Amino acid sequence: MIKIDHLSTSYSTIDGPVHVINDVDFEIFDNEIFGIAGESGCGKTTLLKALYDIIEFPLVVDSGKLILSGEKNGKAFSYETGQIRKTWWNNISYVPQAAQSVLNPIVPLKNQFLDSIPKADKRREPKEHILKRVADYLEELSLSPDLLKAYPFQLSGGMRQRAIIALATFMSPNVVLADEPTTALDVVVQRGILMMLMRLQKQLRNTMVIVSHDIGVHYQITDRMGIMYSGSIIELGKTEDIFEKPMHPYTQMLIGALPRVGDKSQKAGIPGRPPALTNPPPGCRFAPRCPRATEECRESVPKFREVEQGRFAACHLLNKEGVW
Ligand code: SF4
């Protein structure tokens, strides 16, 4: 469905390019919820922007590409980087970070729904029919059709987030990208949003890509996940396998730091900070924080490779069977 083919991107700055995505190469399948996890600043949002083809200066694609392909209403489609935006809303849609703030506060929601419908569809179908379909869709999602008359400033943060998700999924896109969909919401609303995303994915049988720094979000809703560190995917596999047997030292430390019910042991954070992307260390970028780092780690970049069927990781110390 989405093939990320050796993608590298950078931001142009007056001091030269800052490389934010480094040779990222993996696939996201049909009918799955795929999570992208990692600390702030590791490149998650930039990768999601590249997936949605928001490649605008100063963001530049240095090499590689993305291919979005699949089938909708019996018609096959395939779009590459630079073409994907032609199919926004129809085959792919995006719930941006701080989505509650992206709705225009002084435009009623019904106009914002109408704006998202491609012009060709609006020429074919009267406005009233479209709005009736939107109202029915909101009801399907257990939301009141009266929402359409509301202005965003009249709604709570959680309700605005639900409205944005409804907007992003109304055209039944094959892929929905969501950037930190639960950030800045209280835990009860967060749970409601996660349930809504899971229900929608089951109903649409599409692909959802969820970016979140909250590893608990991935545990709750994703089928597979990729862990990012300093612009690269360093581990990828089925979510349950990653939680059960994390392979990369960074993933082990991330998961080891999670609180668990009944576990009263002291949790240790990951020492140090992620490297500055303007001046990353040579070799493995996790080496300055890794308790297992060797000379080899400090000198050469570990290859991202399949260490078990469907399990990928980038670490020199992993043998072919994925064990130390
Ligand atoms: Fe640690 Fe070396 Fe593996 Fe990097 S390659 S994660 S430094 S053991």
Side-chain angles (χ1 to χ4, degrees), residues 4 6-10 18-27 34-47 62-64 211-219 222 224-260 265-324:
I4 297 116
H6 294 282
L7 184 77
S8 296
T9 68
S10 58
V18 176
H19 300 284
V20 271
I21 302 290
N22 302 301
D23 196 25
V24 166
D25 187 63
F26 67 100
E27 288 178 358
F34 186 87
I36 301 174
E39 289 167 278
S40 296
C42 68
K44 306 183 296 293
T45 294
T46 303
L47 179 58
D62 298 318
S63 57
V211 156
S212 179
H213 67 277
D214 182 347
I215 200 105
V217 166
H218 296 285
Y219 183 71
T222 63
R224 290 193 311 138
M225 65 188 292
I227 314 282
M228 277 193 90
Y229 187 79
S230 189
S232 301
I233 297 275
I234 50 95
E235 181 156 1
L236 186 148
K238 280 191 186 160
T239 302
E240 57 181 314
D241 295 345
I242 288 182
F243 274 84
E244 205 169 290
K245 187 184 152 204
M247 289 178 171
H248 193 283
Y250 177 62
T251 321
Q252 290 175 348
M253 292 167 96
L254 262 188
I255 289 174
L258 275 181
R260 286 164 209 266
S265 63
Q266 186 77 29
K267 297 291 167 197
I270 304 176
R273 299 167 64 86
L277 292 175
T278 45
N279 185 24
C284 173
R285 290 190 176 186
F286 189 56
R289 304 170 79 186
C290 181
R292 301 174 199 253
T294 63
E295 225 23 68
E296 184 189 18
C297 303
R298 284 182 265 273
E299 282 166 9
S300 78
V301 178
K303 217 171 153 24
F304 181 66
R305 60 193 171 85
E306 191 163 19
V307 282
E308 273 178 11
Q309 201 186 3
R311 283 297 293 278
F312 298 78
C315 175
H316 287 305
L317 297 193
L318 284 168
N319 70 15
K320 286 199 175 65
E321 285 74 48
V323 291
W324 300 95

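The structure displayed is predicted, hence computed values, not measured ones. When a ligand or atom number is given, it counts from 1 through the structure's own listing order.
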Examine Cys284 and say whether one of its N/O/S atoms is closer to atom 4 (Fe) of ligand 1 than 2.8 Å.
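So Cys284 counts as coordinating atom 4 (Fe) of ligand 1, yes.
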Using a heavy-atom cut-off of under 4.0 Å, does the side chain or the backbone of Cys315 touch ligand 1, or both, or neither?
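It is both parts that get close, each with some atom under 4.0 Å.
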Can you name the nearest heavy-atom pair linking Phe34 to Met225, along with the distance?
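In this case the closest contact between Phe34 and Met225 is CZ-C, 3.9 Å.
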Proximal atoms of ligand 1 relative to [X] (non-hydrogen, under 4.0 Å):
| X | value |
| --- | --- |
| Pro249 | 1 (Fe), 6 (S) |
| Leu317 | 8 (S) |
| Cys297 | 2 (Fe), 5 (S), 7 (S), 8 (S) |
| Ala287 | 7 (S) |
| His248 | 6 (S) |

For His19, all residues meeting side chain to side chain contact (heavy atoms under 4.5 Å, CB included), sequence neighbours excluded:
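If we apply the side chain to side chain contact (heavy atoms under 4.5 Å, CB included) test to His19, skipping adjacent residues, the hits are Ser10, Pro17, Asn22, Asp62.
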Please check if the side chain of Lys44 supplies one atom and the backbone of Glu39 the other of a donor-acceptor pair under 3.5 Å.
yes
Enumerate, atom names and distances included, each donor-acceptor pair closer than 3.5 Å involving a side-chain atom of residues 270-278, sequence neighbours excluded.
none

Would you indicate whether Tyr219, at its atom OH, is surrounded by more than 12 heavy atoms from other residues, nucleotides or ligands within a distance under 6.0 Å?
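Open: at most 12 neighbouring heavy atoms sit under 6.0 Å from OH of Tyr219.
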Decide whether Tyr250 and Arg285 meet the rule of one side-chain donor and one side-chain acceptor closer than 3.5 Å.
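No, because no side-chain N or O of Tyr250 sits under 3.5 Å from a partner of the opposite role on Arg285.
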